[in-house]
Chemist: 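One structure is given below, represented as structure tokens, and several questions about it will come after.
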There are 2 protein chains.
Amino acid sequence: MKIYDYFRSSAAYRVRIALNIKGLDPARDFIHLRHGDQHQGDYLAVNPQGLVPALVDGDGETHTQSLAIIEYLDEMHPEPPLLPADPTGRSRVRSLAFSIGCDLHPLNNMRVLKHLEERFGLTSEQVANDWYLHWINIGFLALERRLVAETSTGRFCHGDRLTLADCCLVPQVFNATRYAADMSSFPVIQRIYDACMAESAVSSAQPSAQPDAE
Amino acid sequence: MKIYDYFRSSAAYRVRIALNIKGLDPARDFIHLRHGDQHQGDYLAVNPQGLVPALVDGDGETHTQSLAIIEYLDEMHPEPPLLPADPTGRSRVRSLAFSIGCDLHPLNNMRVLKHLEERFGLTSEQVANDWYLHWINIGFLALERRLVAETSTGRFCHGDRLTLADCCLVPQVFNATRYAADMSSFPVIQRIYDACMAESAVSSAQPSAQPDAE
């Protein structure tokens with residue numbers, strides 16, 4: 001098993017957390033997103049979408065999209081599970097994960113921020129304040145409300161075991177703090193993030209702990 | 001079972017396709033997104049994220065996020081399946097679905113287009129040409145490459161049965177054509193879209209066929 005990774009990619013970060021929780025330690029190839037490695041023919045042959053992460057399993061099949069990779073890992077290596085056993089719980093965990101993975105993270109991707117600056121001439125300050133933090137605040141406010149209101153919230157997003165939802169929450173909070181988001185409005189998100197980071201499987205997946213960190 | 005729906009929501013459209021494939025016909029409540037129904041207290045009590053669709057199942061539990069809802073429907077009503085039986089196939093279908101649901105669709109959501117106009121003063125023409133179609137072209141180009149290169153592509157995105165990937169592809173193409181995207185560069189996507197639309201489960205889910213259509 002091999003993973004194509006980049007220390008600062010939130011999507012790769014999610015998969016690193018999942019791999020650590022499962023006790024899996026695949027070979028790693030580093031794709032430097034700021035140097036544009038993802039647009040080179042070598043990597044496009046692996047993942048035509050030109051995004052990291054990608055996972056090549058023992059049978060040579062390539063898996064892409066972080067959320068699909070984590071579901072695949074959970075099916076192939078069921079212990080410990082990253083989704084609850086009951087369908088309603090599974091649906092909740094996926095919904096929390098997608099509220100980050102679909103409605104929040106894609107808007108603040110590097111390629112999107114770059115496009116805003118290059119195509120529309122926005123300053124990096126406008127992009128940070130009127131875009132990045134705008135979507136963080138909307139997304140985290142809705143997430144916070146759910147985590148407060150829903151009784152399945154526990155030490156982590158869903159009960160007291162790490163799930164797919166936590167794999168998504170941690171990188172998103174990590175990035176938000178890089179942009180100096182005010183987390184005081186989101187105490188439950190912050191509490192869960194802290195609880196996750198107290199787990200070595202999570203903390204050892206953080207960007208600064210990766211071999212390609214700068 | 002009840003679904004909160006809006007005829008023009010791509011996410012609701014995905015779930016309508018899945019429900020039709022499963023032969024399920026839940027009660028429907030219409031949330032008029034352009035009138036702002038999604039921000040009213042009544043609906044926020046159902047879905048604090050203020051997005052459609054939401055599905056309330058017989059046990060009273062609310063399910064949100066279209067992709068989580070479809071996975072839930074597939075677990076509770078397994079026939080006909082919306083994911084292949086083999087883990088590699090499941091991973092591919094999810095990856096195709098997420099390449100639309102995470103990397104493409106969220107960027108072109110109504111609230112995002114509105115924000116570009118209101119906060120940055122972009123004209124609707126700039127938003128259409130330099131944003132909407134920009135991401136459509138990048139996303140569809142990558143998707144087209146995969147559908148061409150990967151041998152599991154069939155009459156539909158994955159073989160000859162409708163899957164979660166088709167539930168995502170159809171609304172995305174439908175919307176792209178509303179913005180007059182040039183589909184001639186994406187012949188496989190167009191072919192699969194046409195094959196999907198030849199299925200009554202798919203065509204009857206289209207916006208213009210809904211009771212709340214305008």
Side-chain angles (χ1 to χ4, degrees), chain A residues 11 44-45 47-51 55 57 59 61-69 71-73 75-76 83 87-88 90-99 101-107 109 111-112 115-116 119-122 126 130-131 134-135 138-139 141-146 148-150, chain B residues 11 44-45 47-51 55 57 59 61-69 71-73 75-76 83 87-88 90-99 101-107 109 111-112 115-116 119-122 126 130-131 134-135 138-139 141-146 148-150:
Chain A
L44 288 177
N47 181 5
Q49 219 190 340
L51 299 172
L55 184 124
D57 205 1
D59 59 4
E61 291 282 347
T62 301
H63 302 263
T64 58
Q65 290 287 335
S66 58
L67 293 165
I69 291 171
E71 294 260 6
Y72 173 76
L73 290 171
E75 292 184 357
M76 298 299 282
L83 289 167
T88 296
R90 296 163 72 80
S91 168
R92 177 172 183 261
V93 167
R94 287 190 177 115
S95 171
L96 290 169
F98 296 152
S99 74
C102 300
D103 288 328
L104 180 43
H105 171 69
L107 295 166
N109 232 336
R111 61 178 186 151
V112 175
H115 185 71
L116 287 167
R119 184 67 64 104
F120 302 122
L122 301 186
Q126 282 179 302
D130 298 337
W131 185 266
H134 173 79
W135 298 117
I138 288 180
L141 184 63
L143 184 61
E144 178 80 12
R145 277 197 199 130
R146 284 192 64 177
V148 168
E150 295 172 1
Chain B
L44 288 177
N47 182 5
Q49 220 189 340
L51 299 172
L55 182 124
D57 205 1
D59 60 3
E61 290 282 347
T62 302
H63 302 263
T64 58
Q65 289 287 337
S66 59
L67 293 164
I69 292 171
E71 293 261 6
Y72 173 76
L73 290 171
E75 292 185 357
M76 298 299 283
L83 288 166
T88 296
R90 296 164 71 81
S91 169
R92 177 173 183 261
V93 167
R94 287 190 176 114
S95 172
L96 291 169
F98 297 153
S99 74
C102 299
D103 288 328
L104 180 44
H105 171 68
L107 295 166
N109 231 336
R111 62 178 187 152
V112 174
H115 185 71
L116 287 167
R119 184 67 65 103
F120 301 123
L122 301 186
Q126 281 178 303
D130 297 337
W131 185 267
H134 173 78
W135 298 117
I138 288 180
L141 184 63
L143 183 62
E144 178 79 13
R145 277 198 200 129
R146 283 191 66 177
V148 168
E150 296 172 1

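Chain letters run A, B, ... following the sequence lines, proteins first and then strands; every chain starts at 1.
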Chemist: What heavy-atom pair brings A:Ala68 and B:Phe98 nearest, and what distance separates the two atoms?
Modeler: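 A:Ala68 and B:Phe98 have their closest heavy atoms at N-CE1, 3.4 Å.
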Chemist: Which atoms of B:Leu141 are under 4.5 Å from chain A, going by heavy atoms: the side chain, the backbone, both sets, or neither?
Modeler: neither
Chemist: I need the residue from B:Ser95, B:Ser66, B:Ala97, B:Pro106 with the largest number of non-hydrogen atom pairs under 4.5 Å to chain A.
Modeler: B:Ser95
Chemist: Please identify, among A:His63, A:Arg92, A:His134, the residue contributing the most non-hydrogen atom pairs under 4.5 Å to chain B.
Modeler: A:His134
Chemist: Just give me the residue among A:Ile138, A:Leu51, A:Leu104, A:Asp130 that pairs up with chain B most often, heavy atom to heavy atom, under 4.5 Å.
Modeler: A:Asp130
Chemist: Out of curiosity, B:Glu75 CD to A:Leu83 CG, how far, rounded to the nearest 0.5 Å?
Modeler: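 Between atom CD of B:Glu75 and atom CG of A:Leu83 there are 8.0 Å.
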Chemist: Can you tell me how far apart CG (A:Leu122) and CG (B:Leu122) are? Round to the nearest 0.5 Å.
Modeler: 7.0 Å
Chemist: Could you work out, with salt bridge (Lys or Arg N to Asp or Glu O under 4.0 Å) as the rule, every residue matching B:Glu61, not counting sequence neighbours?
Modeler: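 So B:Glu61 forms no salt bridge (Lys or Arg N to Asp or Glu O under 4.0 Å) with any residue.
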Chemist: Side chain, backbone, both or neither: which part of B:Leu96 has an atom under 4.5 Å from a heavy atom of chain A?
Modeler: neither
Chemist: Can you list everything that forms a side chain to side chain donor-acceptor pair (under 3.5 Å) with A:Asn109? Sequence neighbours excluded, please.
Modeler: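 With neighbours one apart ignored, the set is empty.
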Chemist: Enter the distance from A:Leu107:CG to B:Arg111:CZ here, rounded to the nearest 0.5 Å.
Modeler: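 Answer rounded to 0.5 Å: 6.0 Å.
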Chemist: Based on non-hydrogen pairs under 4.5 Å, which of A:Glu150, A:Arg146, A:Arg145, A:Arg119 is most in contact with chain B?
Modeler: A:Arg119
Chemist: Show the nearest heavy-atom pair for residues B:Gln65 and A:Cys102, with the distance to one decimal.
Modeler: OE1-CB, 4.5 Å
Chemist: Please flag which part of B:Val112 lies under 4.5 Å from any non-hydrogen atom of chain A: side chain, backbone, both or neither.
Modeler: both
Chemist: Using a cut-off of under 4.5 Å for heavy-atom pairs, which of B:Pro87, B:Ala142, B:Gly139 has the most such pairs with chain A?
Modeler: B:Pro87
Chemist: If I measure from the heavy atoms of chain A, does B:Asp59 come under 4.5 Å with its side chain, its backbone, both, or neither?
Modeler: side chain
Chemist: Can you tell which of B:Leu67, B:Asp103, B:Leu44 has the highest number of heavy-atom pairs within less than 4.5 Å of chain A?
Modeler: B:Asp103
Chemist: Checking B:Gln49 against chain A: side chain, backbone, both or neither under 4.5 Å from a heavy atom?
Modeler: both
Chemist: Checking heavy atoms, do the side chain of A:Leu143, its backbone, both or neither come under 4.5 Å from chain B?
Modeler: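 Neither part.
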Chemist: Less than 4.5 Å to any heavy atom of chain B: does that hold for the side chain of A:His115, its backbone, both, or neither?
Modeler: side chain
